[in-house]
Amino acid sequence: MDKPRDSISAAIRAAGAHGRPAIVAFMTAGFPDRATFRANLAAIASNADVVEIGVPFTDPMADGMTIQRASFAALQGGFTLPWLLGELEHLQPRPRAPLLLMSYLNPLLAYGLERLPEAAARAGVSGFIIPDLPYEESTDMRAALDRVGLALVQMVTPVTPAERLKVLCDASQGFVYAVTMTGTTGKSVAVPDDVLAYMDRVRAVSKVPVCAGFGIRGREQVARMQGHVDGVVVGSALVEVLERGADPVAFLRELRAG
């Protein structure tokens, strides 16, 4: 029987079969507020291939100003991880797109590795991205998620050495998150040739799909990456759409146009 994590790769590959990069859409849980979370998730999930839900944290070191702002607002609005898992568990209808949680390590440890995987599986979560968990320290988390077949997605960067790149790609489940630059999220990336060459290097050694993230804001960038990646992660730009009360569906459709 397929494990939940297999749905992530399958969704990304299905987009490729239609001749386009998959869209992995990021939203911050509980932002702009908890009351609209389910409706926003349903809208985004209906127009993305995979949805990455950010777990707000007080010290989001990989995130730029937009996602930091959203995290702080969600925390002030009463966000907790148990609230999020409860919301996801009771979603009706279930989203078609696989759901990933992007969380720093502390909230997950505070929840407890002995109960987190089962609670996440009940909530329909297919995997986790944990930016501050080094591969060398991930044995316990990987074993816990393996109990219920959830993915642990690995991140690579343009400065990851070739030998380590292979190790991380071999370990990654669902997809490999190929960060387009060193630094934090949110800055726009022009996608120079050396970034495309880096994406090609990652794809050459990865058995799972490769998705590019950090700084993807428009359809020109998505089009430029076509053929070099299997998908793109769109984060800060989509959070800003929600922040200004605009339509996430229109934004995601525009991203795919062209």
Side-chain angles (χ1 to χ4, degrees), residues 5 8-9 12-13 15-16 21-26 49-50 52 54-55 57 59-64 66-68 100-106 108 126-143 145-146 150-217 221-222 224-237:
R5 63 181 169 231
I8 303 167
S9 300
I12 294 168
R13 289 192 172 113
I23 303 292
V24 180
F26 176 93
D49 300 290
V50 177
E52 180 188 344
V55 174
F57 183 54
D59 187 23
M61 61 188 185
D63 295 310
T66 296
I67 295 173
Q68 285 188 33
L100 279 160
L101 294 190
M102 197 292 278
S103 178
Y104 293 89
L105 187 58
N106 270 7
L108 306 182
S126 296
F128 285 81
I129 301 168
I130 310 174
D132 61 342
L133 177 61
Y135 168 73
E136 288 78 9
E137 297 169 25
S138 65
T139 307
D140 291 350
M141 178 64 72
R142 190 179 304 278
L145 298 180
D146 268 342
L150 302 189
L152 182 56
V153 174
Q154 298 294 324
M155 302 177 95
V156 301
T157 78
V159 295
T160 304
E163 194 173 303
R164 183 169 178 78
L165 182 67
K166 179 156 186 5
V167 169
L168 293 174
C169 288
D170 285 348
S172 200
Q173 300 161 323
F175 67 94
V176 172
Y177 193 131
V179 176
T180 55
M181 58 188 165
T182 54
T184 58
T185 62
K187 304 184 190 80
S188 191
V189 174
V191 197
D193 289 345
D194 61 342
V195 168
L196 298 181
Y198 148 64
M199 296 298 169
D200 292 341
R201 285 200 310 277
V202 180
R203 270 184 113 192
V205 296
S206 178
K207 299 181 186 73
V208 293
V210 175
C211 296
F214 284 37
I216 312 294
R217 305 186 73 86
Q221 292 161 310
V222 176
R224 179 115 163 88
M225 288 193 175
Q226 183 144 5
H228 299 276
V229 294
D230 303 291
V232 294
V233 183
V234 182
S236 298

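Everything numeric in this text was worked out from a predicted model, so none of it was measured. The figures that follow rest on heavy atoms only: side chains count, while hydrogens, waters and symmetry mates do not. Position 1 is the first residue of the sequence; numbering continues from there.
The backbone N or O of A212 sits nowhere less than 3.5 Å from a side-chain atom of T180 that would complete a donor-acceptor pair. The backbone N or O of C169 lies less than 3.5 Å from no partner atom in the side chain of S172, so there is not a single donor-acceptor pair. Listed for the S126 side chain is no donor-acceptor partner under 3.5 Å among the backbone atoms of R5.
The shortest distance between side-chain heavy atoms of L100 and Y177 does not fall below 4.5 Å. For the pair V176 and L168, the minimum side-chain heavy-atom distance is 4.5 Å or more. At a threshold of 4.5 Å between non-hydrogen side-chain atoms, the residues M141 and F128 do not count as touching.
Shown here are the side chain to side chain contact (heavy atoms under 4.5 Å, CB included) partners of N106, two or more places apart in sequence or in another chain: F57. Partners of D193 by side-chain hydrogen bond (donor to acceptor under 3.5 Å, both in side chains), not counting sequence neighbours, listed by chain and number: R224. Every residue two or more places apart in sequence or in another chain that forms a side-chain hydrogen bond (donor to acceptor under 3.5 Å, both in side chains) with D230 is listed here: R203.
With values rounded to the nearest 0.5 angstrom, M199 atom CE is found 10.0 Å from D194 atom CG. A distance of 9.0 Å separates OG of S236 from CZ of F214, quoted to the nearest 0.5 Å. Separation of atoms CG (L108) and CG (L145) is listed at 8.5 Å; rounding is to 0.5 Å.
Here the shortest heavy-atom pairing between E52 and V233 reads OE1-CG1, 3.3 Å.
Partner of C211 under the side chain to side chain contact (heavy atoms under 4.5 Å, CB included) criterion, out of V232, I216, I12: I12 alone.
Using a cut-off of 4.0 Å between Lys/Arg side-chain N and Asp/Glu carboxylate O, D146 and R142 are scored as not salt-bridged.
Heavy-atom neighbours of E163 CD from other residues, nucleotides or ligands within 6.0 Å: at or below the threshold of 12.
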